[in-house]
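Being a predicted model, the structure only gives us computed values, none of them experimental.
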Amino acid sequence: MSAEAIRATAAHQRAARARGRVVTRVADVADLPADAALAGGYDVVVANPPWGELLGEHETNATLYERLLDAIDHLGAPDVRAGVLTHDIRRFETVLGADPRWRVVARPQYFAKGHRPRLFVLTRRP
């Protein structure tokens, strides 16, 4: 997450009167599961990973998505709800289908400047 994105998030928090309830972090998703201080403390995790268009590469997204799901598992409380927004829908669905930890509870699709990203809302499988 860039410094500009952090500033925008802080402004949105103030506008929503949600200060102190949202934690932002600049980190590589692959490093998060190693951070014991973050383990299991989050009820909601939201991610907007690179789609492989302007940032990232489609060829590496499968690995990115696997690491992202590992990070959500590490960060999330037992009843965590996660939202992952991606335009690389088929690749994310393939990774998600191979991961027995997650259940999709909603999959709304949006229109954004010529893209049609999908928001995957996830919960842990019982």
Side-chain angles (χ1 to χ4, degrees):
M1 188 178 263
S2 69
E4 181 181 333
I6 294 284
R7 284 191 299 276
T9 300
H12 289 279
Q13 283 181 265
R14 283 190 301 276
R17 298 180 189 190
R19 277 198 328 213
R21 297 187 339 217
V22 175
V23 177
T24 56
R25 211 166 159 92
V26 177
D28 185 319
V29 71
D31 297 335
L32 293 175
D35 191 335
L38 298 175
Y42 296 89
D43 299 320
V44 177
V45 177
V46 179
N48 183 0
W51 299 351
E53 302 281 327
L54 296 176
L55 297 172
E57 299 172 1
H58 288 292
E59 295 75 29
T60 60
N61 277 354
T63 301
L64 171 66
Y65 295 150
E66 290 167 1
R67 290 177 174 168
L68 176 60
L69 293 174
D70 288 344
I72 294 169
D73 186 44
H74 176 73
L75 297 170
D79 60 347
V80 67
R81 288 182 72 87
V84 179
L85 182 71
T86 184
H87 180 64
D88 199 351
I89 295 167
R90 279 186 248 163
R91 200 171 319 262
F92 187 72
E93 286 176 331
T94 299
V95 170
L96 192 57
D99 192 322
R101 297 173 292 186
W102 304 106
R103 179 171 66 95
V104 177
V105 295
R107 298 173 1 128
Q109 194 160 23
Y110 301 95
F111 183 76
K113 297 181 182 179
H115 292 98
R116 299 214 27 99
R118 187 173 294 279
L119 176 64
F120 290 83
V121 180
L122 311 174
T123 60
R124 292 186 196 278
R125 288 192 185 273

Going from [atom1] on [X] to [atom2] on [Y], what distance comes out if it is rounded to the nearest 0.5 angstrom?
X     : Y     : atom1 : atom2 : value
Phe92 : Leu69 : CZ    : CG    : 5.0 Å
Leu38 : Asp31 : CG    : CG    : 11.0 Å
Arg14 : Thr9  : CZ    : OG1   : 10.5 Å
Arg91 : Leu64 : CZ    : CG    : 11.0 Å
Leu68 : Leu32 : CG    : CG    : 9.0 Å

Would you please name every residue forming a side chain to side chain contact (heavy atoms under 4.5 Å, CB included) with [X], sequence neighbours left out?
X      : result
Ala106 : Pro108, Val121
Val80  : Val45, Trp102, Arg124
Thr123 : Arg81, Arg103, Val105

Would a 4.5 Å heavy-atom cut-off, applied to side chains only, mark [X] and [Y] as touching?
X      : Y      : value
Thr86  : Pro117 : no
Leu119 : Val84  : no
Val29  : Pro49  : no

Not counting sequence neighbours, which residues clear ring-ring contact (aromatic ring centres under 6.0 Å, His included) with Tyr42? List them please.
none
List the atom of Arg67, the atom of Ala30, and the distance in Å for their closest heavy-atom pair.
CD-CB, 3.6 Å
Test salt bridge (Lys or Arg N to Asp or Glu O under 4.0 Å) applied to Glu93 - qualifying residues, sequence neighbours left out
Arg107
Taking salt bridge (Lys or Arg N to Asp or Glu O under 4.0 Å) as the definition, give me every residue that meets it alongside Arg101, ordered by chain and number, with sequence neighbours left out.
Asp70, Asp73, Asp99
Other hydrophobic cluster members with Val44, side-chain heavy atoms of Ile/Leu/Val/Met/Phe/Trp/Tyr under 4.5 Å, chained?
Val46
Quick one: list whatever passes side-chain hydrogen bond (donor to acceptor under 3.5 Å, both in side chains) with Arg118, sequence neighbours left out.
Gln109
Determine which pairs satisfy salt bridge (charged side-chain N to carboxylate O under 4.0 Å, His left out) with at least one residue from residues 33-45, sequence neighbours left out, and list them in order.
Arg25-Asp35
Test Thr94 against Tyr65 for side-chain hydrogen bond (donor to acceptor under 3.5 Å, both in side chains), laying out the working first.
CA-CA 10 Å; Thr94 299; Tyr65 295 150; over 6 Å; no
